[in-house]
Amino acid sequence: MFEARLVEGSLLKKVMESIKDLLNEASWDCSGNGMCLQAMDSSHVALVSLMLKSDGFENYRCDRSISLGINLASMSKILKCASNDDIITIRAEDDADAITFMFESPKQDRVSDYEMKLMNLDTEHLGIPDTEYACVIKMPSGEFSRICRDLSVLGDSVIICCTKDGVRFSAKGDLGNGNIKLAQSANVDKEEEAVVVDMREAVTLTFSLRYLNFFTKAAPLSSQVSLSMSEDVPLMVEYKINDKEGDSKGYVRYYLAPKIED
Amino acid sequence: TKVQKTLDTFFFFD
């Protein structure tokens, strides 16, 4: 039997919003550690790897590791039936062919439950090599969303150039070209407003803005985003999910293959 | 022109 009760139900709603436009279907791999999901988009250009840790749930029971094959569009529609302040409980029997979602209002005066058929998905698992990245940029997530949206008016690719002075985002197209330079923050009192560039060596890479704009759908999950880059390896965009005390409840990570000179 | 790579050349199925 798998049962997980999330008091902050809005977290699961936001997680669904962060993946539903990129992926059609995926398996939630549930184990004692938590709920994980890893899947590539249909073109194999981007990969999502997310985790909701078991200790982020009010209670969490997983008798046996199970893999729940889900049509994400359907799950997203059902989660839209939950209010932002609802408590969400997910339940599935071990040999289940269905998953149930229960939404409870804070005053427990309104309880709804929805059952959804599961899918048989072959759980192809990708090995993501641990990488020592040449550059890791930490910045406000809203700032990154703004940059990706603004530069999309110029072209379909962004060149990200990271040096010790800071990071520059550039785009060009028929309309013209544009550059956005972010300086390394000096002493910022509020950490989540800082731009921090941890650079081992300078890196310049080109990525599709279409995919980056899918990734920024995760911005409501975290006030900060980190971009990890090395020459000729996929970009890793990570939104950490922390609770109010700052303890990690999980993460949403996106990987994006670069565009290179043909 | 720049060509979009896929992840298949970077990540491998377990």
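Quick caveat: nothing in here was measured; it's all calculated off a predicted structure. Throughout, a chain's letter reflects where its sequence line sits, starting with A, and its residues are numbered from 1.
- In this structure, the side chains of A/L209 and A/R149 stay at 4.5 Å or more apart for every pair of heavy atoms.
- Here the rule is side chain to side chain contact (heavy atoms under 4.5 Å, CB included) with A/L23, and of A/I70, A/L47, A/L37 only A/L37 fits it.
- Checking A/K53 against A/S248 by side-chain atom types alone, a donor-acceptor pair falls below 3.5 Å.
- Residues A/V15 and A/L52 have side chains in contact (heavy-atom distance under 4.5 Å, counting atoms from C-beta outward).
- Of the two parts of B/F11, the backbone and the side chain both hold a non-hydrogen atom closer than 4.5 Å to a non-hydrogen atom of chain A.
- Checked against the 6.0 Å centroid criterion, the rings of A/Y239 and A/F215 do not qualify as a close aromatic pair.
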Enumerate, including both backbone and side-chain atoms, all donor-acceptor pairs under 3.5 Å from chain A to chain B.
from	atom 1	to	atom 2	distance (Å)
A/H44	O	B/L7	N	2.7
A/H44	ND1	B/D8	OD1	2.9
A/H44	ND1	B/D8	OD2	3.0
A/H125	O	B/D14	N	2.8
A/G127	N	B/F12	O	2.7
A/G127	N	B/D14	OD1	3.3
A/T206	OG1	B/K2	NZ	3.4
A/A257	O	B/Q4	NE2	2.9
A/P258	O	B/K5	N	3.0
A/I260	N	B/V3	O	2.8
A/I260	O	B/V3	N	2.6
A/D262	N	B/T1	O	3.3

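- Here the CD1-OG distance, from A/I241 to A/S222, works out to 8.5 Å after rounding to the nearest 0.5 Å.
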